Amino acid sequence: NFDTLGLSPEMLASLAHAEYEHPTPVQAGLIPRAMAGADILGQARTGTGKTAAFAIPILESLEPHKRGGAPQALILTPTRELAVQVRDEIDKLAYGRRVASVTLHGGKPIRGQIAKLNRGIEIAVGTPGRLLDHLGRGSLDTQNLRTVVLDEADRMLDIGFRPDIEKILRRCPQNRQTMLLSATVPPPVQRLAGRYMREPILLDFSTESKASDTIDQYYFTVDAERKVALLVRLLEREQPEQAIVFCRTRRGTDRLCRKLSTKFRAMDCIHGDMQQGNRDRVMRQFRSKEVRILIATDVVGRGIDVTGISHIINFDIPQSSDDYVHR
Ligand code: AMP
């Protein structure tokens with residue numbers, strides 16, 4: 001239960017209010033260690049309760065709200081959407097307490113963000129580009145930071161945020177606590193942890209995640225020239241609610257899309273050679289289910305959250321086991 005984790009009565013009250021009855025495995029593993037002050041590298045995916053796992057220790061460590069106070073915790077996320085989601089979870093867990101949080105991401109006027117920072121903030125959540133912008137302007141004061149979280153670190157590195165992240169971390173106090181959460185821990189994530197964390201405790205929740213338990217996995221042995229015919233039969237037999245068919249190359253994606261378009265409707269493709277406008281349109285139609293079968297490269301292998309997907313088909317096998325997990 002949460003009451004065995006050494007949490008404050010206020011925290012237990014907000015957890016009850018959020019209707020969280022039992023800690024998830026990630027929370028049970030991470031919260032006590034984080035509250036003891038350790039640096040933590042947690043391998044955990046979205047849906048495991050990882051946000052609360054780092055948010056609860058942060059909330060427990062906060063000094064009371066002060067007018068004009070500089071942030072005590074900073075959370076870096078790869079996308080704007082995730083920054084908002086993390087901030088919402090923090091606000092939920094801070095229910096009934098005076099905790100000021102702010103999201104600092106692009107696409108929103110910077111002046112409103114600066115005004116909020118000036119009024120005094122305990123927790124800032126943001127994307128690396130905009131955070132750097134604030135650091136450059138002097139509107140984000142890092143000297144009171146006690147905790148820094150890198151959420152979805154693998155994705156941030158994939159997007160190319162490494163230089164930005166490093167610049168930000170170098171501006172943070174040396175004696176801070178650092179938590180890094182990542183769905184996968186490939187060598188670039190390990191290197192980042194090695195450089196910017198102090199003897200991090202490694203916690204691997206990847207095998208206990210709910211997602212992989214609920215996915216049935218099958219493979220088919222097939223000659224290369226019969227792959228398309230097999231795919232057609234599978235799609236006809238399975239009648240997926242929505243499916244993503246992953247291909248290795250952009251050209252292969254186009255080719256497969258052309259071949260299937262004679263057999264299936266509500267089908268489209270997406271890859272990195274397409275104009276952003278077209279990519280956005282295809283994603284929008286996929287979300288609204290106008291597109292049922294999406295042929296794609298790994299450009300959509302990460303970070304998309306479409307609830308209707310019933311089938312993931314690896315038409316070409318992924319380059320690495322990590323890519324398989326992401327797909
Ligand atoms: P996350 O992995 O942080 O994206 O969280 C996934 C979802 O689980 C979020 O909607 C949380 O609000 C919810 N959640 C987190 N911790 C718990 C818990 N202990 N009990 C019930 N729901 C939770």
Side-chain angles (χ1 to χ4, degrees), residues 2 5-18 20 31 34-37 39-40 51-77 79-151 164-165 167-179 181 196:
F2 278 113
L5 296 180
L7 302 175
S8 65
E10 292 85 357
M11 192 74 229
L12 292 174
S14 5
L15 286 165
H17 184 261
Y20 292 1
I31 291 170
M35 293 212 318
D39 277 9
I40 293 172
T51 315
F54 64 73
I56 290 171
I58 288 176
L59 288 165
E60 290 290 62
S61 75
L62 289 183
E63 305 269 341
H65 179 76
K66 212 167 75 190
R67 261 183 78 107
Q72 301 171 43
L74 176 67
I75 298 151
L76 279 70
T77 68
T79 63
R80 299 165 185 186
E81 292 78 12
L82 187 61
V84 171
Q85 200 174 295
V86 167
R87 197 271 323 273
D88 290 348
E89 180 81 359
I90 289 173
D91 287 354
K92 181 154 86 178
L93 294 169
Y95 177 79
R97 286 204 278 171
R98 180 108 198 265
V99 175
S101 59
V102 66
T103 52
L104 306 173
H105 55 69
K108 279 273 162 64
I110 198 159
R111 293 182 61 174
Q113 297 174 353
I114 294 174
K116 275 196 187 158
L117 286 166
N118 288 341
R119 282 201 293 275
I121 285 294
E122 279 75 55
I123 303 176
V125 190
T127 49
R130 181 57 67 94
L131 288 174
L132 256 192
D133 198 349
H134 279 286
L135 286 175
R137 290 162 186 257
S139 45
L140 177 64
D141 180 351
T142 54
Q143 65 179 352
N144 275 0
L145 286 178
R146 277 184 293 163
T147 310
V148 174
V149 179
L150 305 173
D151 194 14
D164 290 0
I165 295 172
K167 278 185 209 140
I168 294 165
L169 290 175
R170 283 199 290 265
R171 296 278 295 268
C172 296
Q174 291 271 353
N175 61 354
R176 65 169 192 272
Q177 177 183 39
T178 311
M179 293 190 249
L181 283 299
Y196 295 97

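All figures in this text were calculated on a predicted structure; none of them were measured in a lab. We use all heavy atoms of the structure for the numbers below, so side chains are in, but hydrogens, waters and symmetry mates are not.
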### Non-hydrogen side-chain atoms of L132 and K167 separated by less than 4.5 Å
yes
### Y20 atom OH, neighbour heavy-atom count above 12 within 6.0 Å
yes
### Query
Any side-chain heavy-atom pair from V86 and F54 closer than 4.5 angstrom?
yes
### Query
Short question: side chain of R97, backbone of E10 - any donor-acceptor pair under 3.5 Å?
no
#### Entry: Q177 to A34 - nearest heavy-atom pair and separation
NE2-O, 2.9 Å
## Note on the structure
On a heavy-atom basis, the closest approach of R176 and D39 is O-OD1, 4.1 Å
### Message
Is the shortest side-chain heavy-atom distance between I56 and L5 below 4.5 Å?
### Response
no
### Query
Hey, does L74 have a side-chain heavy atom less than 4.5 Å from the side chain of I168?
yes
### Task
Identify whether the distance between the nearest side-chain nitrogen and carboxylate oxygen of D88 and K92 falls below 4.0 Å.
no
### Task
List the atom of V148, the atom of C172, and the distance in Å for their closest heavy-atom pair.
CG2-SG, 3.9 Å
### Message
With a 4.5 Å cut-off on side-chain heavy atoms, are L145 and P71 touching?
### Response
yes
### Task
Return yes if some donor-acceptor pair links the side-chain N/O of E60 with the main-chain N/O of S8 below 3.5 Å, else return no.
yes
#### Entry: Pairs flagged by side chain to side chain donor-acceptor pair (under 3.5 Å) wherever residues 109-118 is involved - sequence neighbours left out
Q113-R130, Q113-H134
### Query
Within a strict 4.5 Å, meaning less than it, do heavy atoms of the M11 and L93 side chains meet?
yes
### Task
Looking only at non-hydrogen atoms, find the nearest pair between P173 and Q143 and report the distance.
CG-O, 3.8 Å
### Task
Identify which one of T77, I123, L76, L181 satisfies the side chain to side chain contact (heavy atoms under 4.5 Å, CB included) criterion when paired with V149.
L181
### Query
Tell me, do V125 and D151 make a side-chain contact under 4.5 Å, heavy atoms counted?
no
### Query
Do the side chains of T103 and K108 get nearer than 4.5 Å, heavy atoms only?
no
